There are 2 protein chains.
Amino acid sequence: MENDNEPLTPIEAEVINVFVRGVQLVGLPKSIGEIYGYLFISPEPVSMDKIKSKLNISVGSASQGLRQLKSFRAIKATYVAGERKDYYVAETEFRKLIYGFFNEEIKPQVDELEQRLIHIKPMVDQYGDLSEHYKSRLDKVERWRKLSSSLIGKVITFVNI
Amino acid sequence: MENDNEPLTPIEAEVINVFVRGVQLVGLPKSIGEIYGYLFISPEPVSMDKIKSKLNISVGSASQGLRQLKSFRAIKATYVAGERKDYYVAETEFRKLIYGFFNEEIKPQVDELEQRLIHIKPMVDQYGDLSEHYKSRLDKVERWRKLSSSLIGKVITFVNI
DNA sequence: TTATGTTTTCAATAAATTCTGAAACCATTG
DNA sequence: CAATGGTTTCAGAATTTATTGAAAACATAA
């Protein structure tokens, strides 16, 4: 019989649910939380085939989820002797998890904002009476951008478990 | 002629786009960013009717967006003499914005996780050889939860513009 | 009281996102 | 070389989320 659905144990289900809720909080899909959660609670490295079976998701969903988690460095591939399949383990240092997520999802946006502000700022000169107000507001956004950028570094330093 | 669509100026459109991108980064819908962005760049308090006209969104979307922004304390209602309509202004202190968002979206989830971990932890005893591994992992999640909780306070203290 | 202005609500619709699973691709085995 | 195991890709389907706009609700004016 083919290796189809394998049930999760109660504690596996509960821990996976914790991570499903957690990733949804930062705007990531449920399947990302499922995959990470299962790897997190697993005592040994896990193959994609096993992920598919235990979580009852498609191979496509498993593949794309693994790819995205790898891009966050939230999981890593690990070598298992005598196996052709790839095996994965969860990253379990909080600091690294946060760094990966920020680096991949937040930092590019904050950096791009810097460029866009350079482009927007000269526009205030076209607005006569409103120029002072607009300049003030854009200065505020610039300060928030700089603050966000340095905040990321602070957060990562603080999270030093 | 009815008060239908009023065009945005170039700088209004650019600033609104900045906030649309910003809110999408934290998993909120585009219309929230549009409304906040428009209030942010506006030199004076704005009515819902005006928001609807300038942003070309429905009255329902405007109403629900205003309600959600109010719940984050990202905007506040303000009195305009001689007007029956409600008028709104943007909160422009970064610290207050972050506090509102965390308080409304993040803190409740972190608090709930505390309760769920209390429920999950006793389950490890059922798993024989795996108990130590599971206990270790749940302890790690508990430490991450506590760290997240105190991190929120740190972030808000740091953001003291 | 009715009329009018304004906001809220929510079922239906539209749009966006996620997932599926088969085809394509790639690497290893025979 | 072909066969097989394993992963990636992606068009279409399914699901979820956001928006619409009319009805309902509410407050004020007449």
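All values reported here derive from a predicted model rather than from experimental measurement. Lettering of chains follows the sequences in order, A, B, ..., and the numbering in each one begins at 1.
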Which one, D:dT8, C:dG21, C:dT8, comes nearest to the side chain of A:Ser58?
C:dG21
Which residues share a ring pair (Phe, Tyr, Trp, His ring centres under 6.0 Å) with A:Phe101, sequence neighbours left out:
A:Phe72
Nearest-Å distance, CZ (A:Arg67) to P (C:dC25)?
16 Å
Round to a whole Å and report the spacing from CG of A:Leu55 to P of C:dC19.
11 Å
So which of residues 28-45 of chain B are in contact with DNA chain D, with a heavy-atom cut-off of under 4.0 Å?
B:Pro29, B:Ser31
Has B:Tyr99 got more than 12 heavy atoms of other residues, nucleotides or ligands less than 6.0 Å from its OH?
no
Measure CE/B:Met48 against P/C:dT9 and give the value in whole Å, please.
11 Å
side-chain hydrogen bond (donor to acceptor under 3.5 Å, both in side chains) against B:Thr9, all qualifying residues, sequence neighbours excluded:
B:Glu12
Separation of D:dG21 atom C1' from B:Ile51 atom CD1, nearest Å, is 18 Å
Would you say that more than 12 heavy atoms from the other residues, nucleotides or ligands in this model lie under 6.0 Å from the CZ of B:Arg73, or not?
no
Near DNA chain C, under 4.0 Å by heavy atom, which residues of residues 73-88 of chain B?
B:Arg84, B:Lys85, B:Asp86
Suppose we screen for salt bridge (charged side-chain N to carboxylate O under 4.0 Å, His left out). Which residues come up paired with B:Lys154, at least two apart in sequence or across chains?
none
Applying side-chain contact (heavy atoms from CB on, under 4.5 Å), name anything that partners B:Pro43, two or more places apart in sequence or on another chain.
A:Leu130, A:His133
Using salt bridge (charged side-chain N to carboxylate O under 4.0 Å, His left out) as the criterion, list what pairs up with B:Lys76, not counting sequence neighbours.
B:Glu91
A:Ser47: which residues meet the side-chain contact (heavy atoms from CB on, under 4.5 Å) condition with it, sequence neighbours left out?
A:Asp49, A:Lys50, A:Lys85, A:Tyr87
Tell me the interatomic distance from B:Gln68, atom CD, to C:dT9, atom P, rounded to whole angstroms.
13 Å
N/O-N/O pairs, protein side and nucleotides 10-16 of chain D side, under 3.5 Å:
from: D:dC10; atom 1: N4; to: A:Gln64; atom 2: NE2; distance (Å): 3.2

Among residues at least two apart in sequence or on other chains, which ones pass ring pair (Phe, Tyr, Trp, His ring centres under 6.0 Å) with B:Tyr134?
B:Tyr127
I need the CG-P distance between B:Leu69 and C:dT7, as an integer number of Å.
16 Å
Enumerate donor-acceptor pairs with a distance under 3.5 Å from any side-chain N or O in residues 112-124 of chain B to protein atoms, sequence neighbours excluded.
from: B:Glu112; atom 1: OE1; to: A:Arg21; atom 2: NH2; distance (Å): 3.1
from: B:Glu112; atom 1: OE2; to: A:Arg21; atom 2: NH2; distance (Å): 3.1
from: B:His119; atom 1: NE2; to: A:Glu14; atom 2: OE2; distance (Å): 3.3

Students often get this wrong, so: under 4.0 angstrom with heavy atoms, is B:Leu66 touching a base, only sugar-phosphate, or nothing?
nothing
Going by the rule side-chain hydrogen bond (donor to acceptor under 3.5 Å, both in side chains), which residues pair with B:Asp111 if we only count those two or more places apart in sequence or in a different chain?
B:Lys107
Can you tell me how far P of D:dG6 sits from NZ of A:Lys52, to the nearest Å?
12 Å
